[in-house]
Protein chains: 2
Amino acid sequence: MNLRQLRSLCEIVDHGLRISDAAGSLHRSQPSVTRQIQELEKELGVDVFLRRRNRILEITPQGQEILRIARRMLLDADNLQKVGAEFAKVGQGSLVVATTHTQARYTLPNVIRAFKEAYPGVNLSLRQGTPTQCCELVAGNRVDFAICTEVEEKFEGVLQVPCYRLNRSVITPPRHPLLRVKPLTLEAIARYPVITYEQGFSARGIVNKAFADHGLKPNVVLSAIDADVSKTYVHSGMGIAILATIGFDVARDTHLRRIDARHLFKSSRLNIVVRHNNYLRGYALAFMRLFAPRLNKADLEGLLSGRVSASRHPVLPEL
Amino acid sequence: MNLRQLRSLCEIVDHGLRISDAAGSLHRSQPSVTRQIQELEKELGVDVFLRRRNRILEITPQGQEILRIARRMLLDADNLQKVGAEFAKVGQGSLVVATTHTQARYTLPNVIRAFKEAYPGVNLSLRQGTPTQCCELVAGNRVDFAICTEVEEKFEGVLQVPCYRLNRSVITPPRHPLLRVKPLTLEAIARYPVITYEQGFSARGIVNKAFADHGLKPNVVLSAIDADVSKTYVHSGMGIAILATIGFDVARDTHLRRIDARHLFKSSRLNIVVRHNNYLRGYALAFMRLFAPRLNKADLEGLLSGRVSASRHPVLPEL
DNA sequence: CACCGTTACGGTATCCGTAAGGATT
DNA sequence: AATCCTTACGGATACCGTAACGGTG
């Protein structure tokens with residue numbers, strides 16, 4: 001058995017069971033890939049694919065099982081490379097972090113500045129998406145880790161480590177009638193057109209639920225994935241926004257007003273999202289600790305290797 | 001990178017950093033093994049071993065990290081073979097279970113009888129040892145799983161799944177004065193010579209602690225690893241024995257008497273011990289369920305893959 | 001000198017790509 | 001006809017084992 005064979009297997013599956021496509025992506029000739037699979041099947045003594053006259057129809061149950069293990073092995077092969085890179089050139093390499101707009105724009109700038117200073121040799125890049133997309137990137141090992149609010153779905157092999165608690169605020173234009181409602185109520189908010197996050201963000205679910213629980217139906221005039229877009233429309237008078245408090249920048253958003261609404265909406269958790277059994281280079285752990293200093297290296301490695309499991313309801317600092 | 005290189009690495013480490021020995025065990029020439037390591041080091045760009053003039057002194061920290069991952073990959077390679085065997089010949093193959101004397105002799109006979117009937121094609125073998133030895137066998141992937149009482153030490157990658165609770169009884173010859181002490185007390189027991197398990201069994205620790213907590217010091221005249229040996233000496237009048245209740249066979253031990261002592265000694269847990277990320281063939285899971293029907297296949301697989309973590313204090317049936 | 005790991009070399013087995021074949025839509 | 005997987009074949013490559021080499025106790 002052979003890693004090449006396993007790579008072929010995974011690539012075929014990832015390309016919708018088309019050997020030719022897999023071959024292209026592997027930079028191999030197509031017959032070569034065919035043979036890898038044949039030899040794997042011969043050695044394990046099982047059919048991995050269900051064929052019908054020179055055509056692959058589906059993967060067998062055995063194949064599924066084999067695929068799962070193969071993927072883990074390839075991930076480990078990748079990990080070995082990373083270990084090599086880590087020790088060959090400590091502090092040099094690349095780091096890819098997936099995150100949402102809000103975090104990229106409001107939470108991470110300080111972290112990134114500090115990181116760049118500490119690790120000038122690391123090529124840092126951010127991939128932006130919804131929390132769900134971030135988790136998918138982590139699951140597929142396309143990024144080193146993600147920083148985003150929690151996601152309901154479970155992703156195979158993906159671990160969410162809660163770091164902070166995010167509260168909500170209502171953002172209004174200056175002299176908005178809501179500014180005089182004290183304390184702020186959901187009923188009051190529901191009287192005005194609302195701008196908030198799109199489906200797919202946990203915030204959206206929380207906002208919806210809060211209103212629904214009070215038998216209210218907010219008038220959502222715009223869903224955005226982006227706090228800046230939301231604020232732009234608030235400023236233009238289209239409505240008020242319900243955003244994470246961190247999305248309001250006291251220094252720059254002087255043309256807007258913020259009303260704390262933590263008593264109205266459930267807070268959500270801001271997580272670091274990592275892949276199980278993924279080797280994280282030293283500077284990746286350093287980035288995480290810059291983001292959440294309370295994280296402890298040993299704990300994190302325990303979590304990653306699956307030896308320890310995360311406590312489900314830790315006390316989290318607010319951001 | 002390839003699996004041969006990783007196998008060489010592990011074998012070298014397992015043979016005390018002697019390449020020649022590793023080569024022998026791998027059925028390869030010694031230069032071949034040397035080259036595997038050189039190529040691995042070249043490809044990863046790290047020194048795995050610290051050499052000093054043609055002699056390997058130790059493994060580098062990088063090497064340690066690499067070794068960990070390599071071992072996991074080789075385990076997975078093994079798992080792939082098992083998946084193959086499983087589907088090629090369902091219900092044929094071999095199963096190796098580590099256990100202690102007491103379980104082999106008193107708990108497992110029924111399980112094994114049922115198993116043999118259900119899977120006549122499986123070559124079942126038992127390896128006997130102390131609980132600690134059983135865990136070591138699991139850790140080293142030398143057995144499929146183990147059934148034994150709990151051990152204090154943590155073994156890397158080894159998972160203990162509690163299944164039953166074991167109580168203690170005092171075993172005496174007929175007409176022993178203790179038989180008239182009701183209720184039985186530790187003070188009463190301490191007046192007589194005691195036979196119990198050797199160090200290394202959780203029972204020994206529990207027994208010692210029970211006496212110590214009452215400021216008593218039992219007069220242990222013999223430590224055995226074996227309930228049958230203990231009973232033999234009880235019968236010969238050497239003393240009374242403190243054993244797991246299951247170690248008393250009402251039908252056959254007519255020449256002995258049993259006094260329930262569950263109120264005096266902490267019960268201990270009887271666990272199934274499995275290795276993390278180990279593929280268990282269908283009949284291995286079947287064996288476990290014959291032993292502990294409350295085990296659920298999906299749960300077990302969840303545990304094995306590390307997705308779920310075991311509840312630490314489940315309610316257990318008594319055996 | 002016995003032992004151990006590294007280097008050098010020649011033969012073999014493996015694996016790749018090209019080309020051709022058979023089946024399906 | 002176009003697409004897709006499989007089989008066949010020649011050449012390059014990788015890998016193994018033997019033998020020779022250099023340190024070490």
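When reading the values below, keep in mind they use all heavy atoms of this one structure, side chains included, and skip hydrogens, waters and symmetry mates. Order of the sequence lines fixes the chain letters, A, B, ..., with proteins taken first and strands second; residue numbering starts at 1 for each chain. Computed from a prediction, not measured in an experiment: that's the story for all the values here.
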K.L.:
Is the shortest distance from a Lys or Arg side-chain nitrogen in D76(B) or R71(A) to a carboxylate oxygen in the other one below 4.0 Å?
P.N.:
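Result for this pair is no, no salt bridge flagged.
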
K.L.:
Do K116(B) side-chain atoms and V122(B) backbone N/O form a donor-acceptor pair below 3.5 Å?
P.N.:
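Checking the backbone N and O of V122(B) against the side chain of K116(B), a donor-acceptor pair under 3.5 Å is found.
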
K.L.:
Could you list all N or O pairs between the protein and nucleotides 4-8 of chain D that sit under 3.5 Å apart?
P.N.:
{"unit_1": "dC5(D)", "atom_1": "OP1", "unit_2": "I19(A)", "atom_2": "N", "d": "3.0"}
{"unit_1": "dC5(D)", "atom_1": "OP2", "unit_2": "S20(A)", "atom_2": "N", "d": "3.0"}
{"unit_1": "dC5(D)", "atom_1": "OP2", "unit_2": "S20(A)", "atom_2": "OG", "d": "2.3"}
{"unit_1": "dC5(D)", "atom_1": "O4'", "unit_2": "N54(A)", "atom_2": "O", "d": "2.9"}
{"unit_1": "dT6(D)", "atom_1": "OP1", "unit_2": "R51(A)", "atom_2": "NE", "d": "2.6"}
{"unit_1": "dT6(D)", "atom_1": "OP2", "unit_2": "T34(A)", "atom_2": "OG1", "d": "3.2"}
{"unit_1": "dT7(D)", "atom_1": "OP2", "unit_2": "Q38(A)", "atom_2": "NE2", "d": "2.8"}

K.L.:
Which pairs with one or both residues in residues 30-41 of chain A pass salt bridge (charged side-chain N to carboxylate O under 4.0 Å, His left out), sequence neighbours excluded?
P.N.:
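Listed by first then second residue: E41(A)-R51(A).
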
K.L.:
Do the side chains of L80(B) and I66(A) get nearer than 4.5 Å, heavy atoms only?
P.N.:
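Yes, close enough: below the 4.5 Å cut-off.
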
K.L.:
Could you list the residues that satisfy side chain to side chain donor-acceptor pair (under 3.5 Å) with E86(B), not counting sequence neighbours?
P.N.:
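Partners of E86(B) by the side chain to side chain donor-acceptor pair (under 3.5 Å) criterion, ordered by chain and then number, come out as R281(B).
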
K.L.:
In a check of side-chain contact (heavy atoms from CB on, under 4.5 Å) between L126(A) and each of I147(A), L95(A), V97(A), which one passes?
P.N.:
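Looking at I147(A), L95(A), V97(A), the match for L126(A) under the side-chain contact (heavy atoms from CB on, under 4.5 Å) is V97(A).
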
K.L.:
Respond yes when some side-chain nitrogen or oxygen of N2(B) is under 4.0 Å from OP1 or OP2 of dA14(D), and no when none is.
P.N.:
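The answer is no; no side-chain N or O of N2(B) sits under 4.0 Å from OP1 or OP2.
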
K.L.:
Could you note down all residue pairs passing ring pair (Phe, Tyr, Trp, His ring centres under 6.0 Å) where residues 115-141 of chain B supplies at least one of them, sequence neighbours left out?
P.N.:
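Found F115(B)-Y119(B), F115(B)-F287(B).
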
K.L.:
What is the distance, rounded to the nearest whole Å, between atom CG of D47(B) and atom P of dG5(C)?
P.N.:
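Result: 16 Å.
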
K.L.:
For R28(A) and dG17(C), what is the distance between atoms CZ and C1' respectively, to the nearest whole Å?
P.N.:
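To the nearest whole Å, that distance equals 11 Å.
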
K.L.:
In this structure, how many angstroms lie between the C1' atom of dG5(C) and the CG atom of L50(B), rounded?
P.N.:
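Value for this atom pair: 15 Å.
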
K.L.:
Could you give the CD-to-C1' distance, from E41(B) to dG5(C), as a whole number of Å?
P.N.:
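After rounding, the reported distance stands at 13 Å.
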
K.L.:
Identify which nucleotide among dG17(C), dC15(D), dG17(D) has an atom closest to any side-chain atom of Q36(B), counting heavy atoms from C-beta outward.
P.N.:
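Comparing dG17(C), dC15(D), dG17(D) against the side chain of Q36(B), the answer is dC15(D).
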
K.L.:
Can you tell me the distance, in whole Å, between the CG atom of L26(B) and the P atom of dC15(D)?
P.N.:
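It is 15 Å, rounded to the nearest whole Å.
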
K.L.:
Indicate yes or no for a side-chain donor-acceptor contact from S8(B) to the backbone of R4(B) under 3.5 Å, with no hydrogens or angles considered.
P.N.:
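Between the backbone of R4(B) and the side chain of S8(B) there is a qualifying donor-acceptor contact (under 3.5 Å).
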
K.L.:
Expected output is a numbered-order residue list: members of residues 4-14 of chain A with a heavy atom under 4.0 Å from any atom of DNA chain C. What is it?
P.N.:
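When residues 4-14 of chain A is checked for heavy atoms under 4.0 Å from DNA chain C, the hits, listed by number, are R4(A).
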
K.L.:
For S25(B), which residues count as a side chain to side chain donor-acceptor pair (under 3.5 Å) partner, sequence neighbours excluded?
P.N.:
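Per chain and number, S25(B) pairs via side chain to side chain donor-acceptor pair (under 3.5 Å) with E11(B).
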
K.L.:
Look at all strands and tell whether S32(B) reaches a base, only sugar-phosphate, or nothing, counting heavy atoms closer than 4.0 Å.
P.N.:
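It contacts sugar-phosphate atoms only.
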
